[in-house]
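Given the structure is predicted, the values throughout are model-derived calculations rather than measurements.
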Amino acid sequence: MPQLSRRAFASALPLGLIGGSLLGGDLIGGALAPALAATQDTAQTPVSVTPLAQIRIGRFTVTALTDGYADMPYDYFPGRAAAEVEQAAIAQFTARPSGVRFLFNQYLVDDGERRILIDAGPAGSIGQTGELPQALSALGLQRDQIDAVIVTHMHQDHMGGLIVGGKNNYPKAELYIDRRDVTHWTDPAKRSGAPDYLQTSFQMAGEVVRLYPKLQAIDGEREIVRGVSIVDLTGHTPGHIGVRVEDGGQSLIMVSDMIFPVVHPGATDVFFLFEQDPAAAKAMRDRFFPRAASEGALIAATHMPFPGLGRVVADRGQMRWQVADWALQN
């Protein structure tokens, strides 16, 4: 099991004085009054927090970041009626009026020599997003300090940050995307026959190819650097991939959109609206979930509650998600 540690959160909570009579009327009405009023005003202002969570995998530091969130309507899950998905969310205490909350988690892998970012987030193209640059800044990093970006697939919520503002936002990074996804998402015939909700992904894919001359269209499973390798998880898209980080007998696998909140891993026959090949996606989950459970694999998942770290466990014949106890473990 990896040695887990806590990353201090970048926030300072304001302290307010409540029930001023404890200090006595003269003191409150005197020199402390302006300071107290200012403190109470500050307490009414929301505090902006950049969540960061770090774990160690051998020589690697893996930092969970997030670009933000969006709520997905309950009818976005083919295979179950919207009312059933909502009831499942209520049972798990995660229901929201507008649907199932999806986080957009990204992961920074750093071995002291190279910084590899897994996915780039939707960057404002969906929901309340666009926070990844701020999260990197909290680590003291700018986007031009990233050496490589691995895009798990070419849906807009995984590549939007690459091209936000119409420019190459990771100018020094090598870019890795599975060739099958590059081929699919840049095919004019595929685009013309696609539904409206996928058109943004097709448009972004063309921009990514145009703006990133260092793009490497990769074929199948391979090692990017020692200890960071590509895992084939095709189904969600034609070239959907995961990333395994492994060193010193420890490992983490980032599975991207293999797992969605509320519906997975309990039911592999529930899909998401954007899924390209539901039959292939189900077959992959049918293979992957039992194996992950038997191995006790530590998993990182894009859309699970931050930091998206957990395990698939078998519980009385049912698969369920077990949140990883990552904090205060050293």
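Inter-residue side-chain proximity for Leu65 and Leu139 is flagged as met; some heavy-atom pair is nearer than 4.5 Å. Side-chain contact between Arg114 and Glu174 is present, with at least one heavy-atom pair separated by less than 4.5 Å. Within the 4.5 Å cutoff, side-chain heavy atoms of Ile224 are placed close to those of Tyr176. Side chains of Asp157 and His303 form a contact here, defined as non-hydrogen atoms less than 4.5 Å apart. With contacts defined as side-chain heavy-atom distances shorter than 4.5 Å, the pair Arg226/Asp111 does not qualify. For the pair Val182 and Val208, the minimum side-chain heavy-atom distance is 4.5 Å or more. Pro238 has its side chain within reach of Gln276: a pair of non-hydrogen atoms, C-beta onward, lies under 4.5 Å apart.
Contact between Ala64 and Phe306 at its shortest, heavy atoms only, is O-CZ, 3.5 Å. Nearest heavy-atom pair across Leu52 and Ala138 is CD1-CB, 3.9 Å. Heavy-atom minimum distance, Thr234 versus Gly239: OG1-N, 4.3 Å. In terms of heavy-atom proximity, Tyr107 sits nearest to Gly308 at OH-CA, 3.6 Å. Across all their heavy atoms, Thr129 and Pro122 have their closest contact at CG2-CG, 3.5 Å. In terms of heavy-atom proximity, Met159 sits nearest to Met154 at CE-O, 3.0 Å.
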Practice problem: Go through the steps for Leu309 and Leu252 under the test side chain to side chain contact (heavy atoms under 4.5 Å, CB included), then give the verdict. | Solution: CA-CA 9 Å; Leu309 298 172; Leu252 165 71; 4.1 Å; yes
Quiz item: Between Val62 and Met254, is a side chain to side chain contact (heavy atoms under 4.5 Å, CB included) present by the stated rule, with each step listed?
Solution: CA-CA 11 Å; Val62 180; Met254 193 283 196; over 6 Å; no
Quiz item: Does the pair Arg311 and Leu298 meet the rule for a side chain to side chain contact (heavy atoms under 4.5 Å, CB included), with working shown?
Solution: CA-CA 5 Å; Arg311 291 177 172 83; Leu298 181 62; 3.9 Å; yes
Self-check item: side chain to side chain contact (heavy atoms under 4.5 Å, CB included) evaluation trace for His264 with Phe272
Solution: CA-CA 11 Å; His264 294 149; Phe272 184 62; over 6 Å; no
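Note that OH of Tyr76 and CD of Glu275 are 14.5 Å apart. Values are rounded to the nearest 0.5 Å. To the nearest 0.5 Å, atoms CD1 (Ile177) and CG (Leu162) are separated by 7.0 Å. Between Leu136 atom CG and Thr63 atom OG1 the span is 9.5 Å, to the nearest 0.5 Å. Note that OG1 of Thr186 and CG of Asp181 are 9.5 Å apart. Values are rounded to the nearest 0.5 Å. To the nearest 0.5 Å, atoms CZ (Arg222) and CD1 (Ile230) are separated by 7.5 Å.
Annotation for Met284: hydrophobic cluster partners, listed by chain and number, are Val231, Leu233, Ile253, Val255, Met258, Ile259, Phe288, Phe289, Ile299, Met304, Val312, Met319, Trp321, Val323 (ILVMFWY side-chain heavy atoms under 4.5 Å, direct or chained).
With hydrogens and angles ignored, the 3.5 Å screen pairs a side-chain donor or acceptor of Ser201 with a backbone N or O of Gln156. Looking only at distances, no side-chain donor or acceptor of Asn105 sits under 3.5 Å from a matching main-chain atom of Thr66. At least one donor-acceptor pair closer than 3.5 Å links the side chain of Gln106 to the backbone N or O of Asp67. A distance-only check finds no donor-acceptor pair linking the side chain of Glu246 to the backbone of Ser251 [under 3.5 Å]. Formation of a donor-acceptor pair under 3.5 Å by the Asp247 side chain with backbone atoms of Gly227 is not found in this model. Between the side chain of Asp257 and the backbone N or O of Thr302, no donor-acceptor pair lies under 3.5 Å.
In this structure Asp178 satisfies the side chain to side chain contact (heavy atoms under 4.5 Å, CB included) test together with Arg180, Ile241, sequence neighbours excluded. With sequence neighbours excluded, the residues satisfying side chain to side chain donor-acceptor pair (under 3.5 Å) with Thr268 are Asp286. Qualifying side chain to side chain donor-acceptor pair (under 3.5 Å) partners for Glu221, counting only residues two or more places apart in sequence or in other chains: none. Residues passing the side chain to side chain donor-acceptor pair (under 3.5 Å) test with Arg287, sequence neighbours excluded: none. Every salt bridge (Lys or Arg N to Asp or Glu O under 4.0 Å) that Glu295 has, sequence neighbours left out, goes to Arg291. Scanning for ring pair (Phe, Tyr, Trp, His ring centres under 6.0 Å) contacts around Tyr69 gives an empty result, with sequence neighbours left out.
In the hydrophobic clustering of ILVMFWY residues, with side-chain heavy atoms under 4.5 Å counting as a link, Val164 and Ile126 come out apart. Taken together through direct or relayed side-chain contacts under 4.5 Å among Ile, Leu, Val, Met, Phe, Trp and Tyr, Val225 and Val245 form part of one hydrophobic cluster. Residues Ile90 and Tyr74 are members of separate hydrophobic clusters, defined by side-chain heavy-atom contacts under 4.5 angstrom among Ile, Leu, Val, Met, Phe, Trp and Tyr. Clustering ILVMFWY residues whenever any of their side-chain heavy atoms sit less than 4.5 angstrom apart, transitively, puts Leu215 in the very cluster that holds Tyr170. With hydrophobic clusters built from ILVMFWY side chains whose heavy atoms lie under 4.5 angstrom apart, Val262 does not share a cluster with Phe271.
Every pair passing ring-ring contact (aromatic ring centres under 6.0 Å, His included) that includes a residue from residues 215-236 is listed here, sequence neighbours excluded: His153-His236, His155-His236, His236-His240, His236-Phe260. Residue pairs satisfying the ring-ring contact (aromatic ring centres under 6.0 Å, His included) criterion with at least one member in residues 187-211, sequence neighbours excluded, are listed as follows: His184-Phe202, Trp185-Phe202, Tyr197-Phe274. Within the structure, side chain to side chain donor-acceptor pair (under 3.5 Å) contacts touching residues 205-215 (residues at least two apart or in different chains) are Asn168-Tyr212, Glu207-Arg210. Among residue pairs with one or both ends in residues 79-97, those qualifying as side chain to side chain donor-acceptor pair (under 3.5 Å) are Arg80-Asp269; sequence neighbours excluded.
Looking at Arg320 and Gln322, their side chains do bring a donor and an acceptor atom within 3.5 Å of each other. Side-chain atoms of Thr61 and Arg56 include a donor-acceptor pair closer than 3.5 Å.
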Please list, one pair per line, the donor and acceptor atoms closer than 3.5 Å that link side chains of residues 141-151 to other protein atoms, with sequence neighbours excluded.
{"unit_1": "Gln145", "atom_1": "OE1", "unit_2": "Gln142", "atom_2": "N", "d": "2.7"}
{"unit_1": "Asp147", "atom_1": "OD2", "unit_2": "Arg115", "atom_2": "N", "d": "2.8"}

